[in-house]
Amino acid sequence: MSAVFDELTWRGLVANSTDGAALAQHLEAGPVTFYVGFDPTAPSLHMGNLVQLMVARALQRAGHRPLLLVGGSTGLIGDPKAAGERVLNSKETVAGWVGTIQRQVERFLDFDGPSAARLVNNLDWTSGMSVLDFLRDIGKHFPVNRMLAREVVKARLEEGISYTEFSYVLLQSMDYLQLHRTYGCTLQFGGSDQWGNITAGVELLRRSDGQHVHALATPLLTKADGTKFGKTESGTVWLDPAMTSPYAFHQFFLHAEDTKVIEYLKVFSERSRADIDELEHQVVEAPHLRAAQRALADDITALVHSPAERDAAVAAAAALFGRSDLDQLPESTLASVVAELAAPVLPVGGELPGVVEVLEASGVVPSRSAARRSIAEGGAYLNNNRVVDPDARLVQGDLLHGRFVITRRGKRTVGAVSFERG
RNA sequence: GGCAGGUUGCCCGAGUGGCCAAAGGGAGCAGACUGUAAAUCUGCCGGCAUCGCCUACGUUGGUUCGAACCCAACACCUGCCA
């Protein structure tokens, strides 16, 4: 049995695999070159992609060689999803996203040493290919009746599916073929929603080259209510700090439900089994301390952003949710909290703005009407004091250290504004 | 190409001339209870200069004192026929 396959299984990262025993043996026999692909459908990867990166890290730690594919060509086509036909992105847009995603991905793996990772782009072997070669060499191995039987395709037959999306599976399968021929790649993995595309590649290799290769799928992470994990009120949790701040990222994981936190910890933390067992024990014994949630949020933030960003997020949360009065905090602490919250800087001209304006400017409410609603509901705070009068204005004494105001809506939506020094 | 039906707020979905910023459900937010958790109950849920005004019911134009609702054209979608 393979240690790394055992570990992946224990971490709950194996939802599906081709012959498990054979795969475990293969991983044990020596360094395996494996690949995982990311399609550029947005300017950044998100939390869902992180699951794949964690698997890639685990495999590389065990001595296997990663090929990280960014789909410069598949991103131009779009894989079919049940929700309906995608809108095509322009070639320039996709090319731009390929670059940003490559830069994101390479931070997670080691590009030196015997198990060095390598970046590949499927545009390199598809852009110059002729339609006739594609249809003869690849298309010939795909029975349409089999393609029609796939779940995603079946789901779309009623409402319709373009030939473009229908053909996606051929491109991804060709990637596996190409990477096997060029680099001897014998394992592909991806999210369980990719399972159909992945096994199609395995089958293409068998039909075309008579090669038997392996595949693995990770499970889709869900919340306690069964919905997809990775969305917040403000949308997807991105890895790009400009799209999801390290503080928001940290908070997202801190909010994990008790019933799910251990599952997430196994996936996103590289702590040992003993450590995680201990945290699981703590969830039962002292749930209110949320030790597992803190460990999860700290580990993942340090990995995706940096230990310094993790510390800043922890310090910001401690200041905002801690017991001490905000005006007791040193100016330097507040300044970094305010920076962490991406607080806008307001000019100090004449009299100070009203509370409604401040709540809106800090971003805790989307509009002034919403700010007034929050105040009426008793859920709006300035510097941890509940706001009661929607027509009140700030006074000089409200400014912490003469320039900061911390805003909050409800219990956990926090923002800030700062004022220019007068 | 012909015939029939459809296009409503984040999503689903009622509404067929004034009582419609638009029923109901879901999602979301807040309050209470907690642990920055879950469950439950209650309230909110287009914008603004908030007892009023503005913008909205596929698009454009028309009828009317008044239109999400009637008429016309256009766009897109669905079903049946060719």
Side-chain angles (χ1 to χ4, degrees), chain A residues 81-85 87 156-162 221-237 245-265 279-280 282-298 300-301 310 313-324 326 337 340-341 351 353-357 359-382 384-393 406-416:
Chain A
K81 37 173 200 174
E85 189 78 14
V87 177
R156 290 279 299 279
L157 285 180
E158 275 296 310
E159 61 165 315
I161 176 169
S162 68
L221 293 182
T222 57
K223 292 190 281 194
D225 62 6
T227 59
K228 194 173 169 186
F229 181 58
K231 299 274 184 185
T232 68
E233 49 183 286
S234 45
T236 304
V237 178
S245 77
Y247 171 78
F249 187 85
H250 186 263
Q251 287 281 304
F252 173 77
F253 288 96
L254 199 60
H255 292 151
E257 298 123 330
D258 289 2
T259 52
K260 283 292 193 173
V261 66
I262 297 301
E263 184 184 320
Y264 302 152
L265 203 54
L279 286 164
E280 185 166 18
Q282 288 190 41
V283 172
V284 176
E285 291 301 310
H288 58 285
L289 296 180
R290 290 176 300 127
Q293 278 89 343
R294 291 179 202 281
L296 171 67
D298 288 359
I300 193 72
T301 306
R310 172 200 59 199
V314 170
L320 295 169
F321 295 103
R323 294 274 176 267
S324 59
L326 285 170
V337 165
E340 197 67 31
L341 294 172
E351 69 181 300
V355 293
V356 166
E357 284 76 27
L359 287 166
E360 189 201 15
S362 67
V364 295
V365 291
S367 69
R368 293 178 182 204
S369 292
R372 285 172 182 277
R373 267 199 300 278
S374 281
I375 293 169
E377 290 170 338
Y381 301 80
L382 288 185
N384 281 349
N385 299 312
R386 181 176 282 185
V387 178
V388 289
D389 177 12
D391 297 316
R393 308 194 73 83
I406 305 293
T407 61
R408 192 171 99 231
R409 189 193 73 226
K411 265 182 273 193
R412 54 194 202 188
T413 307
V414 184

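Predicted, not measured: the structure shown is a model, and the values here were computed from it. Order of the sequence lines fixes the chain letters, A, B, ..., with proteins taken first and strands second; residue numbering starts at 1 for each chain. Reckoned from all heavy atoms, side chains included, excluding hydrogens, waters and symmetry mates.
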Visitor: Return the minimal non-hydrogen interatomic distance between A:Ala380 and A:Leu359, and the atom names on each side.
Guide: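 Where A:Ala380 meets A:Leu359 most closely, the heavy atoms are CB-CD1, 3.9 Å.
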
Visitor: Both A:His255 and A:Ala380 contact RNA chain B. Which one's nearest nucleotide lies toward the 5' end?
Guide: A:Ala380

Visitor: Strictly by Watson-Crick or wobble contacts shorter than 3.5 Å, is anything paired with B:A72, and which nucleotide is it?
Guide: B:U60

Visitor: Atom CD of A:Glu360 to atom C1' of B:C48: distance rounded to whole Å?
Guide: 11 Å

Visitor: Using purine N1 to pyrimidine N3 plus N6-O4 or O6-N4 for Watson-Crick, or N1-O2 and O6-N3 for G-U wobble, each under 3.5 Å, what pairs with B:A27?
Guide: none

Visitor: Rounded to whole angstrom, note down the C1' distance from B:U55 over to B:G9.
Guide: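 Looking at atom C1' only, B:U55 and B:G9 are 13 Å apart.
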
Visitor: How far does the C1' atom of B:C65 sit from the matching atom of B:G26, given to the nearest Å?
Guide: 40 Å

Visitor: For B:G66, which nucleotide is its Watson-Crick or G-U wobble mate, given both distances must be under 3.5 Å?
Guide: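 Pair assignment: B:G66 / none.
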
Visitor: Could you tell me if the side chain of A:Leu221 sits less than 4.5 Å from the side chain of A:Glu263, heavy atoms only?
Guide: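 Yes, side chains in contact.
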
Visitor: When all nucleic acid strands are considered with a 4.0 Å heavy-atom cut-off, which category describes A:Ala317: base, sugar-phosphate, or nothing?
Guide: base

Visitor: Using a cut-off of strictly less than 4.0 Å, decide whether A:Tyr381 has a side-chain nitrogen or oxygen near OP1 or OP2 of B:G31.
Guide: yes

Visitor: What are the atom names and distances for every N/O pair under 3.5 Å that joins the protein to nucleotides 50-54 of chain B?
Guide:
residue: B:U50; atom: O4; partner: A:Ser369; partner atom: OG; Å: 3.3

Visitor: Between B:C81 and B:C74, how far is it from one P atom to the other, in whole Å?
Guide: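 These two P atoms come out 26 Å apart once rounded.
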
Visitor: Please tell me which of A:Leu254 and A:Glu357 maps to the more 5' nucleotide of RNA chain B, matching each residue to the nucleotide holding its nearest heavy atom.
Guide: A:Leu254

Visitor: What is the distance from CZ of A:Arg412 to P of B:A30, rounded to the nearest Å?
Guide: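 Spelled out: CZ on A:Arg412 to P on B:A30 is 7 Å.
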
Visitor: Any base atoms under 4.0 Å from A:Arg408, or only sugar-phosphate, or nothing? Heavy atoms, all strands.
Guide: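 No contact.
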
Visitor: Find the partner of B:A32: check Watson-Crick (N1-N3 plus N6-O4 or O6-N4) and G-U wobble (N1-O2, O6-N3) distances, both under 3.5 Å, and reply none if neither fits.
Guide: B:U40

Visitor: Extract all donor-acceptor atom pairs below 3.5 Å that involve side chains of residues 371-378 of chain A and protein atoms in other chains or at least two apart in sequence.
Guide:
residue: A:Ser374; atom: OG; partner: A:Ala370; partner atom: O; Å: 3.4

Visitor: Say you draw a straight line from CZ of A:Arg412 to NE2 of A:His255; how long is it, rounded to the nearest 0.5 Å?
Guide: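 Output value for this atom pair is 4.5 Å.
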
Visitor: If you measure from the C1' atom in B:U59 to the same atom in B:G25, how many Å do you get, rounded?
Guide: 30 Å

Visitor: Decide, for B:C51, between syn and anti: a glycosidic angle within 90° of 0 counts as syn, anything else as anti.
Guide: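 It is syn.
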
Visitor: Anything under 3.5 Å between a protein N or O and an N or O of nucleotides 39-44 of chain B, put it in a table, one pair a line.
Guide:
residue: B:G43; atom: N2; partner: A:Glu377; partner atom: OE2; Å: 3.0

Visitor: Indicate yes or no for a side-chain donor-acceptor contact from A:Arg408 to the backbone of A:Tyr381 under 3.5 Å, with no hydrogens or angles considered.
Guide: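 Pair absent, no side-chain N/O of A:Arg408 close to backbone of A:Tyr381.
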
Visitor: Quick one: list whatever passes side-chain contact (heavy atoms from CB on, under 4.5 Å) with A:Glu257, sequence neighbours left out.
Guide: A:Lys223, A:Ala224, A:Thr259, A:Lys260, A:Tyr264

Visitor: Can you see which heavy atom on A:Ala316 is nearest to which on A:Val337, and at what distance?
Guide: CA-CG2, 3.6 Å

Visitor: Say you pick atom C1' in B:G18 and the same atom in B:A4; how far apart are they, in whole Å?
Guide: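 Those two atoms are separated by 32 Å.
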
Visitor: To the nearest 0.5 Å, tell me how far A:Ile262 CD1 sits from A:Leu279 CG.
Guide: 6.0 Å

Visitor: In whole angstroms, how far is the C1' atom of B:A30 from the CG atom of A:Leu359?
Guide: 13 Å

Visitor: Once you apply the 3.5 Å cut-off to both distances, tell me the Watson-Crick or G-U wobble partner of B:G9, or none.
Guide: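 Because no pair has both required distances under 3.5 Å, B:G9 counts as unpaired.
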
Visitor: To the nearest Å, how far apart are A:Ile262 CD1 and B:A37 C1'?
Guide: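 The distance from CD1 of A:Ile262 to C1' of B:A37 comes to 13 Å, rounded to the nearest Å.
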
Visitor: Rounding to the closest angstrom, what is the interatomic distance between B:G13 and B:G17 at atom C1'?
Guide: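 The answer is 22 Å between these two C1' atoms.
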
Visitor: Considering Watson-Crick and G-U wobble pairs with both distances under 3.5 Å, what does B:G1 pair with?
Guide: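 For B:G1, the partner nucleotide comes out as B:C81, under the 3.5 Å rule.
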
Visitor: Please set out all donor-acceptor pairs under 3.5 angstrom arising from side-chain atoms of residues 284-297 of chain A, sequence neighbours excluded.
Guide:
residue: A:Gln293; atom: NE2; partner: A:Ala256; partner atom: O; Å: 2.8
residue: A:Gln293; atom: NE2; partner: A:Asp258; partner atom: OD1; Å: 3.0
residue: A:Arg294; atom: NE; partner: A:Leu289; partner atom: O; Å: 3.2

Visitor: Is there a side-chain contact between A:Thr259 and the phosphate of B:A37, meaning an N or O under 4.0 Å from OP1 or OP2?
Guide: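 Answer is no, no contact under 4.0 Å.
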
Visitor: Pick the P atom in B:A23 and in B:U16, then give their distance to the nearest Å.
Guide: 14 Å

Visitor: Can you name the ring pair (Phe, Tyr, Trp, His ring centres under 6.0 Å) partners of A:Phe249, sequence neighbours left out?
Guide: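 A:Phe249: ring pair (Phe, Tyr, Trp, His ring centres under 6.0 Å) contacts with A:Phe253, A:His305.
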
Visitor: Taking only the C1' atom of each, what is the distance from B:A68 to B:A49 in whole angstrom?
Guide: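 It comes out at 28 Å once rounded to the nearest Å.
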
Visitor: Does anything in residues 360-369 of chain A pair up under side-chain hydrogen bond (donor to acceptor under 3.5 Å, both in side chains), and if so which pairs, sequence neighbours excluded?
Guide: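 Applying side-chain hydrogen bond (donor to acceptor under 3.5 Å, both in side chains) to every pair that reaches into residues 360-369 of chain A, excluding sequence neighbours, yields A:Glu357-A:Arg368, A:Glu360-A:Arg368, A:Ser362-A:Thr407.
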
Visitor: Taking a pair as Watson-Crick or G-U wobble with both distances under 3.5 Å, which nucleotide is matched to B:G52?
Guide: B:C48

